[in-house]
Amino acid sequence: MHRVYFDENELFDRREQDGALVDWFCLDMGASQADLAAIPGGPREGLRVILYEDGLEMEAELEYRQEDQLWVGRYIPGTVRDIPYSES
């Protein structure tokens, strides 16, 4: 699974979906853009990736917000993992 850097403070949207709160994170930082560009064939809607930052990772599904011309990652509930800082 491809890894894409994110910052959990860059929350794009949060809303209820199927009875649970779901978060979308902006993937517009330089490191995020570099990771997206490294995906063979480029990023695509629905691709499942690992979003990571220092000490934390989670699985997400990529979505492109045409109106904002921005890639976002939709957090997949139950996939957050704390990781040692040396591994992130």
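What you see is a predicted model; the values in this text were computed from it and never measured. Just so it is clear, the values below take in all heavy atoms, side chains as well, and ignore hydrogens, waters and symmetry mates.
- Gln33 places a side-chain N or O within donor-acceptor distance of the main-chain N or O of Leu27, the cut-off being under 3.5 Å.
- Scanning for salt bridge (Lys or Arg N to Asp or Glu O under 4.0 Å) contacts around Asp7 gives an empty result, with sequence neighbours left out.
- In terms of heavy atoms, Arg81 sits closest to Thr79 at NH1-O, 3.0 Å.
- Nearest heavy atom pair, residue Ser32 against residue Asp28, reads CB-N, 4.3 Å.
- Clustering ILVMFWY residues whenever any of their side-chain heavy atoms sit less than 4.5 angstrom apart, transitively, puts Leu56 in the very cluster that holds Phe25.
- Taking the side-chain hydrogen bond (donor to acceptor under 3.5 Å, both in side chains) definition, one finds that Glu59 meets it with Arg48, sequence neighbours left out.
- Residue Glu45 qualifies as enclosed at atom CD: its count of foreign heavy atoms under 6.0 Å is above 12.
- Atom NE2 of His2 sits about 11.0 Å away from atom CG of Asp35, to the nearest 0.5 Å.
- Both Val80 and Val49 sit in one connected hydrophobic cluster of ILVMFWY residues. Membership requires side-chain heavy atoms under 4.5 Å apart, directly or through other members.
- A search for salt bridge (Lys or Arg N to Asp or Glu O under 4.0 Å) contacts involving Arg44 returns nothing, not counting sequence neighbours.
- Note on residues 16-25: pairs passing side chain to side chain donor-acceptor pair (under 3.5 Å), not counting sequence neighbours, are Arg14-Asp23, Trp24-Glu63.
- Within the structure, ring pair (Phe, Tyr, Trp, His ring centres under 6.0 Å) contacts touching residues 58-79 (residues at least two apart or in different chains) are Tyr64-Trp71.
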- Stepwise side chain to side chain contact (heavy atoms under 4.5 Å, CB included) check, Ile50 with Val4: CA-CA 6 Å; Ile50 295 174; Val4 179; over 6 Å; no
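- Note that SG of Cys26 is 9.5 Å distant from CG of Asp13, once rounded to the nearest 0.5 Å.
- Val72 is connected to Val22 through a chain of hydrophobic side-chain contacts under 4.5 Å among Ile, Leu, Val, Met, Phe, Trp and Tyr, so both are in one cluster.
- A continuous path of Ile, Leu, Val, Met, Phe, Trp and Tyr side chains, each step under 4.5 Å between heavy atoms, connects Ile39 with Leu51, placing both in one hydrophobic cluster.
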- Step by step, would you call Tyr52 with Phe6 a ring-ring contact (aromatic ring centres under 6.0 Å, His included)? CA-CA 6 Å; Tyr52 72 95; Phe6 86 115; 8.0 Å; no
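- For Glu10, there are no salt bridge (Lys or Arg N to Asp or Glu O under 4.0 Å) partners, not counting sequence neighbours.
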